[in-house]
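A short write-up of the structure that comes next.
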There are 2 protein chains.
Amino acid sequence: MANTEAATVTNKQIIFRDYVSGFPRESDLNLTTTTIDLRLPEGSTSVLVKNLYLSCDPYMRICMGKPDPLSSSLVPPYKTGVPIIGLGVSKVIDSGHPDYKKGDLLWGLVGWEEYSVITLTHYSHFKIQHTDVPLSYYTGLLGMPGMTAYAGFYEICSPKKGETVFVSAASGAVGQLVGQFAKLMGCYVVGSAGSKEKVDLLKTKFGFDDAFNYKEEKDFSAALRRYFPEGIDIYFENVGGKMLDAVLINMRLHGRVAVCGMISQYNLEDPEGVHNLPTILYKRIQLQGFGVCDFYDKYSKFLDFVLPYIREGKIRYVEDIAEGFESGPSALLGLFEGKNVGKQLFVVARE
Amino acid sequence: MANTEAATVTNKQIIFRDYVSGFPRESDLNLTTTTIDLRLPEGSTSVLVKNLYLSCDPYMRICMGKPDPLSSSLVPPYKTGVPIIGLGVSKVIDSGHPDYKKGDLLWGLVGWEEYSVITLTHYSHFKIQHTDVPLSYYTGLLGMPGMTAYAGFYEICSPKKGETVFVSAASGAVGQLVGQFAKLMGCYVVGSAGSKEKVDLLKTKFGFDDAFNYKEEKDFSAALRRYFPEGIDIYFENVGGKMLDAVLINMRLHGRVAVCGMISQYNLEDPEGVHNLPTILYKRIQLQGFGVCDFYDKYSKFLDFVLPYIREGKIRYVEDIAEGFESGPSALLGLFEGKNVGKQLFVVARE
C-alpha cells in the first residue's frame, strides 16, 4: 500500500468540454490536474507512457464536432469530459504488453495529458526504432502526416515525371512533403499558403517551383492559370471549398485529385457549394478521398523510403513547436487560423 | 456529265442555327433541303452513306453550347450553319475506303441528313457484322450507350457481388443497361426516373430490385435512405446537381461514383453547387469522370459479352423510335424534358 502511494504522481490533462460548432475556442478545452499511478495493475496488457511530444492536426476539428455518422467513418468523435485524443511521441514507463518494455519509445494515439495508459490495437501505435532523427518528427514527417503525404501522392495520385502538381495548405505538415515528393518524381509543383513567410518557405526551403499567397488572390482560378497555363495534372487537396472549385476548371484531361483534407470546411455549419463538378466529366478527372488509416500496412516501406532522404538532407521538414503542456489548446486552435508555420506540435517533456 | 446529273438526289438536312443557352428550342434547328451526288469523286478515300437510324443523346446538348475549352475536352462544339453531327446507323452507297464496300452497314458519326460523306478516323465508325439483332440497336445497346454502360460499370465501378448500386436516369439509353449488368453481377440495384411509366419499366422489364420517381420526392436523400438503409456502394451518375449531393451523403465507405453524365446541368448557365463533398473524404469515396471515347478498344470484347445475352433474351432494351427525318429536332429536344421512354432515336429510312 505504501508502494502504491509512492508511485502516484500528478497528471495534467486537457479535457474536451463539449461539442463545437464554428471555430473552436480555448474555453472548449479545460486544463485540469489529476493523479496517476505509474505502475500498471497486475495482469494488465496495457502500456503506461509518459507523453513527450503531442501533435496538433487539422482532422482533430472533425472529432470536435457533434457526433455524425458521416465524419465518424474517418475519425471517431471526441468524448466530452475526458482528455482530447491525439497523436504523440511517448516513452514507456511500465508495460504489460510483450512488445513493449520500460524505456521504449513509441508514437500513436494518446490522451492530451502528461501520462497515458494505452491499449494497443491494430496500427494504433508504432515502436520508434530510429532515434538518429529528431524524435518530434514522429508526430509529422515520420508519423501520420508523413505517411499521409506518401500514400496520397504515390498511391492515389499515380504521378508521372513531368506532370504538373498543385498542393494547397502547402507548408503544412503534409503539404510540405507532398511538394518535395513531387520534385523527387520530376514534377513541376506549385503550392498555396496563407502568408508571405510560408510562401517564401515553399520556394526557398522545400524547393517548390513556385508558390502563392491565396489571401492575396481575389480570383483563385486566375491565379492557377498564371502558374499552370497548360493546366494541372495532380491536385493534392487539403482545403476544399472555393479552392477546389477553382482547381477543377484548371485540371487537365485525366487529372487526379487526392482528397486528403478540407480544412476550410470543418468550421462551417454547412459546407460550401462546389459548382464546377461537370468538369469531372469533361476532363475525365478522378477525385479520390483517402484516409491514412487505410495505408498503415505500408509504414515500414515508407520509412525505408524516407529515412535515407532525411539523413542526406534531401528532404527537409519545418516544425512549429510550442513549449509546455499548457500551450496545447492555443497551438491546436491556431491551426484553424493558419497561425502555424509548418507542422504544429507541442512539447510536454523532452525525455 | 450526264452521268453525274443522274446520280444527284435531294438531301434533307437539319442545320444547327446558333449556340444555345438554356433549354434548346426547335427554332435552334433548321430543316433544309440540298442535293448530293451519290458517287464519290475519283480518288476519294471517304465513304458515302445513306443514313437509316439517327441517335438522340444527352451529350449533344453539350455540343450545342458556346464553344468552351472545358467541355470540348469531351466532345467538340457544333459548327453553326451545317448539319448537326450525331451517331447513326448507315448503309454504304459508295466507298473510296478499302475497309468498306457498297451495301455494308456501319455505325458512327454522321451528319443529321439523309446522305453523308464520312471520313474515317480512329474509332469514328464501326462496321456492323451482326444483323440478327435489330439494326437500330447500334444507336443504343450495341453502340455508344451500350459501350458506355459496359465501360462505366465494369471498368470504373469495379463492382462486386452483393454490392448496392444506384442508377439515375435509369430508364435511359445507358441506365437501363447498367441496371441489368448490375443484376447479372449479383448486385442490389435501384433506379430513379421521371415518370410512373419509366419506374414500372425499371421494375418489370429490366429487373431492377426497386425504383422511384424522383419528381415525386421532395427530399432525395430521404428517398435514398429508404431504398439503401445500409448505404450505396456504387452510384452510376447520369444527372448531377441535387441528386449527386443527396447520393454523396448516402454513400458507403470506399464507395465509387462513375460520372457518366450530368444532364440536369447542361441547360443551366451556371452549374448548381454540390455541398456534400467533404463526404468524399469521410467515406474515402472515388468519383471518376469518364468518356466512352477512352474505351472503344474494348468494343469487340463488349460485343462478345453482350450479344449472347441479347440472343437469349437475358438483356432487354427499350427504344423510343420517332418516325421520319422531320421528327429529329423534337425527338432530340424531348430528351431534355425526359419525354423519351428508353433510348431515343429516329428513323430516316429502313433500308
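Protein chains get the first letters and strands the later ones, always in sequence-line order, with residue 1 at the start of each.
- A distance of 12.0 Å separates CE of B:M251 from OG of A:S73, quoted to the nearest 0.5 Å.
- In this structure, the portion of A:D294 lying under 4.5 Å from any heavy atom of chain B is its side chain and not its backbone.
- Here the side chains of A:R284 and B:C293 are in contact, with some heavy-atom distance below 4.5 Å.
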The test is side-chain contact (heavy atoms from CB on, under 4.5 Å); show your working for B:M262 and A:L277 and say whether it passes. CA-CA 9 Å; B:M262 292 193 171; A:L277 291 179; 4.1 Å; yes
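- Taking the side chain as every heavy atom from C-beta outward, A:L70 and B:K283 approach each other to under 4.5 Å.
- Considering every non-hydrogen atom in both B:P278 and A:Q265, the closest pair reads CG-CB, 4.3 Å.
- A:I62 places a side-chain heavy atom less than 4.5 Å from the side chain of B:Y282.
- Interface check for chain A: of the options B:C260, B:G289, B:G241, the most heavy-atom pairs under 4.5 Å are formed by B:G289.
- The environment of CZ in A:R226 is crowded: more than 12 heavy-atom neighbours from other residues, nucleotides or ligands sit within 6.0 Å.
- With a 4.5 Å cut-off on non-hydrogen atoms, A:Y59 does not touch chain B at all.
- For the residue pair B:Q286 and A:Q286, the shortest heavy atom distance occurs at NE2-NE2, 3.1 Å.
- Both the backbone and the side chain of A:S71 come within contact range of chain B, judged by heavy atoms closer than 4.5 Å.
- Residue contact with chain A, scored on non-hydrogen atoms closer than 4.5 Å, involves the side chain of B:L244 exclusively.
- Taking all atoms of both residues into account, the shortest heavy-atom contact from B:L281 to A:V259 is CD1-O, 3.5 Å.
- Note on B:G291, B:P69, B:S72, B:G240: by heavy-atom pairs under 4.5 Å with chain A, the leading option is B:G291.
- Interface residue B:L253: only side-chain heavy atoms are found under 4.5 Å from chain A.
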